[in-house]
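This report concerns only the one structure given below.
Labels below follow one simple rule: chain letters A, B, ... track the order of the sequence lines, proteins then strands, and each chain is numbered from 1.
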Amino acid sequence: MSEQPFRLFAGGRVDRERPLDFVWAGRRLQGYAGDTLASALLANGIHLVGRSFKYHRPRGILSAGAEEPNALVQLERGARTQPNLRATQVELYAGLHAEPQNCWPSLELDVGAINGLVSRLLPAGFYYKTFMWPRDGWMVYERFIRRAAGLGRAPSEGPDPDVYDKMHVHCDVLVVGAGPAGLAAALAAGASGARVILADEQSEPGGSLLATRETLDGEPAARWVERALADLGAMDEVRVLPRTTVFGYHDHNYLTLAERVTDHLPPGSAPDRPRQRLWKVRAREVVLATGAHERPMVFAQNDRPGIMLAGAARTYVNRYGVRPADRALVVAADDGAYAAAVDLADVGVEVTVVDVRAQAPACAEQARARSIEVLAGHGVVRTFGGSRVRAAEVAPLDGTGAGWAGGARTLRCDLVAMCGGWNPTVHLFSQSGGRLAWNAERACFVPAEARQRVRVAGAANGTFSLAAALTEGRAGGDAAARAAGFSGGADVALPAAEEGAEPAPTRALWSLPTRPPGGAPAKHFVDFQNDVTANDVALAAREGYRSVEHLKRYTTTGMGTDQGKTSNVNALGILAGLLGREVPEVGTTTFRPPYTPVTFGVLAGRDVGALADPVRTTPMHRWHVAQGARFEDVGQWKRPWYYPRPGESMHDAVSRECLAARNAVALLDASTLGKIEVRGPDAGELLDRIYTNGFKKLPVGRCRYGLMCREDGMVLDDGVSARLADDRFLVHTTTGNAARVLAWLEEWRQTEWPELRVWCDSVTEQWATASLSGPFARRLLGELTRDIDLDPEAFPFMAWRAGTVAGIPARVMRVSFTGEQSYEVSVGAGFGLALWTAIALAGERYGLTPFGTETMHVLRAEKGFIIAGQDTDGTVTPHDLGLGAMVARHKDFIGKRSLARADTLRADRKQLVGLRTDDPREVLPEGGQIVARAGGRPPVPMLGHVTSSYWSANLGHSIALALVKGGHARLGESLVVQLPQRSVPVTVVAPTFLDPDGERMRG
Amino acid sequence: MLLIECPWCGPRDEQEFGYGGEAHIVRPADPHALDDAAWGEYLFMRTNRKGAHRERWVHSEGCRRWFNVVRDTVSHEILAVYRVGEAPPAAGRRGE
Amino acid sequence: MARYSIFSLLRNAARYHRDWPAAWRSPDPRAAYDVVVVGGGGHGLATAYYLAKEHGITNVAVLEKGWLGGGNTGRNTTIIRSNYLWDESAHLYEHSLRLYEGLSQELNYNIMLSQRGVMNLAHNLHDLRELSRRVNANRLNGIDSEILTPEQIKAMVPILDVSPGARYPVLGASLQRRGGVARHDAVAWGFARGADARGVDIIQNCEVTGIRVSDGRVEGVETSRGYIRAGKVAVVVAGHASVLAEMAGFRLPVESHPLQALVSEPVKPIHPNVVMSNAVHVYVSQSDKGELVIGAGIDAYTSYAQRGSLPVVEHQMGALLELFPVFSRLRMLRQWGGIVDVCPDASPIIGKTPVRNLYFNCGWGTGGFKATPGSGWVFAHTVARDEPHALNAAFSLERFTTGALVDEHGAAAVAH
Amino acid sequence: MAEQHGRQSALAGLGLDAQARISTRGAGEAGVRLGERPWRAQLALRGDPESEAFLTGVESVLGVAPPTAPLTVSSRRGVACLWLGPDEWLVTLPDRREPRAIARLEERLAGLHFAVNDVSHARTVLGLAGPRAREVLMKGCALDLHPRSFGPGRCAQSSLARCHVLLHQLDAEPAYDLYVHRSFAEYAWRWLCDAAAEHGLAIVAD
Ligand SMILES: Cc1cc2nc3c(=O)[nH]c(=O)nc-3n(C[C@H](O)[C@H](O)[C@H](O)COP(=O)(O)OP(=O)(O)OC[C@H]3O[C@@H](n4cnc5c(N)ncnc54)[C@H](O)[C@@H]3O)c2cc1C
Ligand SMILES: NC(=O)c1ccc[n+]([C@@H]2O[C@H](COP(=O)([O-])OP(=O)(O)OC[C@H]3O[C@@H](n4cnc5c(N)ncnc54)[C@H](O)[C@@H]3O)[C@@H](O)[C@H]2O)c1
Ligand SMILES: Cc1cc2nc3c(=O)[nH]c(=O)nc-3n(C[C@H](O)[C@H](O)[C@H](O)COP(=O)(O)O)c2cc1C
Ligand SMILES: [Zn+2]
């Protein structure tokens, strides 16, 4: 175990009483509670942590936060492993295990670094220009290229052992970011009594105040943060969410937050709690106080480990108690660098400042007071070092900044801290549709016009002084609360901040010159993760990829896991320079969610495994399971498919069930069919307008089969409706269309025919239905009912009766989808199982056999009854089905006009017919395509396809239904079903194979 | 996630609603009086406006009522909500 | 046109890549053109390219309101296949796939066509039936297509959960081995470079704001950069088709909807081909850079806002993780949307309009990237000859009057 | 009780009576209590809210008038009338009172344009209560359930995760009745158990 040689003895927010062991790249190391993985590595003197994507260059830790492009690690192992985590955001916990990525065999010795040697052959977009020969060559090259693809690894095993949660919340004010501006905003909004949420992505609120040595009210700023949090904690309607990244700003002030609930704990140590939680917040008003990201500077070899952002260096010193180096070179284009220089010097780092601005700013005094050398008007020519920066060459810049004005000097250093200026974190503002404007003084984009109900405060708004951030935060919080109808936050007390010197303007020197001028261009990195250099940007511009969007896609700038937080503005600046335009004219690429990546797991939430999607079952389901039924998924329903007996194949079982239904009696669970009560004086009229056939004249007590079309004339659904009373119908729909048909009726009723006096109510779930089929159906039912007269005269086919069955109040409909004598018995769903078991018991004597959907399909196909959605596909009219007789002549209905269009009148439309195979044992595969004759070279003209096909045990031969071009006129014709391996000769027949006159079901 | 104001239930998330396409497409009183072209126009042709769009929604997870909305199809701003049978408010004509 | 090759790359490397010429010119618009193509997406650029190459019409301008390929061409999930159900579609998409197969050479621009195979999963008996119907039809149309068993599927994509107890059990799949993906931007850029080399003017940041029609005949277009006369105007603006039609005084049977997509952070290769599932509305492949490219569904309402939406993605994520449990700990890097123009029958419209010499190519909805070269090819023919090619004759506006729709809904509820 | 006179509750398959004993924490310390409340008679009622005759007719039979203010419930002596839509209500009654209530409504409202359907079997009621009950609902329901916007005596239809729900807040603890369709009940139950686990869940008998 190492002893953290770069840890300061005191200071910072780490808990030196709580050392934590962890493993990095196979080495056991130690850090403290309060560390991030990055700070712990730095405390151990480790700077080399990764390899870049393309050239595999050694890379270190650039930042201390969300913007990190380099320090990406593979966290943990097995099913819990996670790729591409930013070490700067991973909180240290005991036993943490992390590995570097994208290197082999090891981080120090990476074979992929060969790419760096031939890097001249790999400029931006090189792959568009080569790998084209031979014609199919790419498939071979690709194999090798893919091997190099990607950074970390996905888990090799699933499912994810952790659970994820979601929360919907509504609030008056959502404050994003808990730095000084956000805290002030939350205090003001909270004081007004508004419902406030304050979210910050970091482990503790405080933002930049945790990383500086500034004071508030004369005390360390963190003290004020504690007080502010205590005040917020005392407000009932304020919710503070640490470790929560606001990642998306969507329409209508809907924001999405990802909370890392237990990611900071050892894996699996909090089994009761979710790993992450997705907060879906509908906010009346939003205050964005998201701070700013520091910009790197673009100079030759600016990517070596040990080169980091000045603010990050400062954060490691102040927040984590780490001394990141012995000798530091601080490179400044903005005053922000001086605070870092001072803080580094104060913990014993030897510091030199290089400021690209001609004159050192006022704040340089503090540095000089610590005898820090300040070289104004200088820049970095290049750097030296391997796995860590060793030295840097600095030289005076000429007035334009495009060349060097004097000799170079080499400075030894093991840290280069750079500050090229600050980019307000405008991501969410921009996602919300807000427009950005360019602030030339500070060389950055700032929020301009909002389009949603949002305000911006603090550094995110380009307000970089602490005092101003606080007041702006308070004003924003107060205004937001007021806009939401609350007041009283304006006079929340704010602490007094130190007055700093007036800042000097930032110098927007987008790329420092190379040396020697015109010589071999050394790499000036712009996008560290994707290895995009200033030269790549120039190449893209030269080749015509001049829109920022083309630049992005041609060079991949900003397309990495950091989405260009450190690179985009520099790339724009360089491009603008090349095109001779101003940065704002060039514009930005589009900011998109998420602000930082979010796990798929948290987006799915609980909708996985058993809760992925509701499984709907009928009241009789337990019985089916106990009988060993196999189930078929129909929408969300599980329907019994067939009931194999031990040792039976599906074929055996279905044949047995089919025979039972025709020769004895069989029982089907028909509970899933949709049922709609249509009631009112105009109920018949509504049905008449919906169905192709008429319902108004249907007598009470009787049932009728109906067909409905879409307005384009294509069959939508079918089913039997019963007239319950003069003003009352019970409409049945297919299982899959239950919701759709109800919606369809409602849509027409409410929007087109509001004058109709009729209500539609779903009663699908109210009823459980057992359907008896077979010659003994009546006899069996007779044993179970005393008050329903089953005599065929009294209770004819297509009638319904109410009474009791097995002592249960029931509705019995004498309809038949099997073509047999058949009764559908419906009872209150709670009695479904009781009814079913009673029937099963009484049926034993009759050889009662339960049957599933497969047998139902066979039986109805024997009769030529269609299944909407199987024998139709949205392109089939009633006439195509041979059901023209059901199309009423003397009334209009939805879809009728379409049946008279040119195409629907064609004689060669695909029409429903039956098929008999020449070999009676051959069962055609459904979906088989029908052609005129076998063989032939593609394209072979197709005449139609097999929609339904079964072995009919009752008939002793196979049967099939098909849609065939001009089929109605082809009865008797020989055709061929062409399958991949063979062709099957068939004869076109009428689609009714059994009992065409319906004697069996009527009898 | 749009926030849509149901005229009966108040503002609810878009997921509670069903979208019903362009509003005010009246079914011809006598479809058979139309030629194929006019019928095709009724069936399929849509304004598909970029800007203020009059459209139908149904609160399917809530009160099951259909109603009309004027929504800007670029910004998604909802400019008006009105019941079936009511005339679109004048404001809804903005941008047309 | 400077030829691209490994040799030119070496040569240029020696000069630090300082001498590469622009891939296309950026001319100012001229006062008049024989043909003005409106829309600089893949289809528009391909149209211009084939007008020049196949029909010798080179006095052509492509007018693009933003940047080339910035519409759906630049934001699609890049799936290419031709295994469509109906003959009309199958022939058109197959023609396109054939053109794709030689496109890198033809354009001298590597579009990285990766024929890694496209799988469509079946999760229930109904899916399975529809799948075999389509596979059988494809084979008779000469399109490679086969059915896979769950075991075969597992062997190809081991991370897919094919266990029978899964919420969305995988009962089988269709596979088109010649299907795959291509680098979408390269398709636009390659066509742009090819068209430019044949004399086509490609004009970016030039929005068409009006179409001048006189006597039922098109005369030219108003643009943000002035009026441009045109002998013929060919409109290929995807989601904006209705807007352009309105300028010319007619309506179209299309609605514009945002289609959602997202990418994960890049990871080492884990997913070898393209998997699509219509039933649960996801499709996923892994790019050569390593990110998973995932398509979701459309927002149900019409919209011209090119933005990602949460509910669609959220809903589909659950289904995705049921199919690919190991994806749970991967992370979404970026999500976006594109405005697709959807026809009632999910098939495109390519042809003449009520205005003479004005042609429209639209309605590709969620699946027109795969059609890019084929669409440009038949559209160029239609514009040059003032009549459709046999391959696009069925895709006329007329069909909405006659009722002869080419309804691809049944075959692919989410088509790509 | 999942079974009664041959009638099965929607959750009969889960063996809840046994689970009530093995729940994660005792009812006293649990953040959430959950139980099925089956056997509630339910009627789907439709009618014209502008019709005085309809409103008073219903009131004369049930003792409560259908509320006309959206999202409210009127209740009295075991009978409640929940607003579902401008012309749609759910009437709940003690078990086995439905046949008589229907008959009397039919009789009393004869001649008016109205509809009443017995839907007692179509949904079951899940009782969810406890100090963290609101948080559990918020995991799957997008309604604003904060006391400032929702409270006792209010009802609303919405989605709970992937199923439709009718929510009725009973008291301020808070306690809710969740009406879910029968075939979705097992899903809803499992979902609620899963979502409540982090707060401590007690499964209680009705
Ligand atoms: C998320 C998503 C995923 C998809 N996935 C697939 C897939 O996997 N496979 C597949 O085959 N297809 C897919 N598609 C569909 C496919 O992207 C499109 O069908 C195809 O790219 C359309 O190409 P286009 O050239 O017609 O349109 P676009 O590329 O959109 O080009 C149209 C151009 O017209 C321009 N324009 C518009 N109005 C004007 C005007 N007034 N003046 C001038 N210019 C104008 C636009 O700026 C745009 O650049 C997907 C689409 C999306 C959005
Ligand atoms: N010297 C300079 O030029 C300079 C530049 C920048 C900032 N500053 C200093 O920074 C302070 C500004 O305070 P502030 O409050 O505006 O910013 P801040 O940086 O203190 O706080 C912003 C907070 O927002 C969080 N955050 C950002 N995006 C988020 C997201 N999407 N979701 C959740 N949390 C997110 C950050 O983690 C951070 O905690 C002042 O003290 C100012 O002096 C100075
Ligand atoms: C096939 C494909 C792959 C993509 N890969 C990435 C990627 O690796 N990184 C990234 O940031 N964006 C990626 N994107 C998304 C684009 O950055 C961009 O969001 C998308 O093209 C839409 O454009 P817009 O966001 O600029 O509107 C990819 C897009 C597509 C179509
Ligand atoms: Zn409502």
Side-chain angles (χ1 to χ4, degrees), chain B residues 1-6 12-25 28 31-32 34-61 66-81 92 95-96, chain C residues 65 207 209 237-247 249-258 260 297-315 337 339-347 349 353-354 362-363 396-405 407:
Chain B
M1 178 86 75
L2 308 184
L3 185 66
I4 300 170
E5 174 111 20
C6 170
R12 298 284 183 93
D13 280 1
E14 106 194 23
Q15 276 181 297
E16 291 193 8
F17 298 87
Y19 182 66
E22 192 170 335
H24 305 296
I25 296 173
H32 291 268
L34 271 51
D35 64 12
D36 279 1
W39 181 249
E41 184 83 12
Y42 157 71
L43 276 182
F44 298 121
M45 299 300 162
R46 296 294 177 262
T47 310
N48 195 26
R49 173 140 298 124
K50 182 173 184 179
H53 186 245
R54 300 186 306 198
E55 57 195 23
R56 307 180 313 155
W57 289 84
V58 57
H59 192 189
S60 34
E61 289 290 291
W66 281 88
F67 57 95
N68 297 319
V69 169
V70 184
R71 184 178 53 96
D72 186 315
T73 55
V74 180
S75 69
H76 291 174
E77 191 188 345
I78 291 182
L79 307 168
V81 173
E96 282 185 45
Chain C
K65 72 170 173 181
E207 176 168 5
T209 53
V237 294
H240 280 76
S242 300
V243 177
L244 274 284
E246 194 178 350
M247 292 177 194
F250 55 91
R251 294 195 302 168
L252 291 171
V254 298
E255 288 194 338
S256 298
H257 292 272
Q260 303 298 326
I298 61 173
D299 292 307
Y301 41 88
T302 59
S303 165
Y304 289 84
Q306 257 180 6
R307 57 94 177 99
S309 83
L310 183 79
V312 172
V313 162
E314 224 186 333
H315 191 81
I339 304 306
V340 298
D341 44 339
V342 181
C343 263
D345 59 355
S347 284
I349 298 165
T353 66
C362 62
S396 69
L397 252 181
E398 273 293 279
R399 73 179 190 271
F400 298 96
T401 296
T402 62
L405 305 190
D407 197 336

So for [X], is it side chain, backbone, both, or neither that comes closer than 4.5 Å to the heavy atoms of chain B?
| X | value |
| --- | --- |
| C:L252 | backbone |
| C:V312 | neither |
| C:E255 | both |

**Prompt:** Side chains of C:S303 and B:H76: donor-acceptor distance under 3.5 Å anywhere?
**Reply:**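 Side chains of C:S303 and B:H76: pair found under 3.5 Å.
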**Request:** Could you tell me whether the side chains of C:T302 and B:Y19 share a donor-acceptor contact shorter than 3.5 Å?
**Result:**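 Indeed, the side chains of C:T302 and B:Y19 share at least one donor-acceptor pair under 3.5 Å.
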**Item:** Pair B:R49 + C:E246, salt bridge at N-O below 4.0 Å
**Value:**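 A salt bridge links B:R49 with C:E246.
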**Asked** Side chain, backbone, both or neither: which part of B:E14 has a heavy atom under 4.5 Å from chain C?
**Response**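 Side chain only.
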**Request:** Mind running side-chain contact (heavy atoms from CB on, under 4.5 Å) on B:Q15 and B:M1 for me, showing each step along the way?
**Result:** CA-CA 8 Å; B:Q15 276 181 297; B:M1 178 86 75; 3.1 Å; yes
**Message:** Go through it in stages, so that I can follow the logic: the residues are C:H240 and C:Y304, the test is ring pair (Phe, Tyr, Trp, His ring centres under 6.0 Å), and I'd like the CA-CA distance, side-chain angles, deciding distance and then a yes or no.
**Reply:** CA-CA 8 Å; C:H240 280 76; C:Y304 289 84; 5.2 Å; yes
**Request:** Heavy atoms only, distances under 4.5 angstrom: which of C:G239, C:A245, C:A305 has the most pairs with chain B? Name it, please.
**Result:**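 Between C:G239, C:A245, C:A305, the count favours C:A305.
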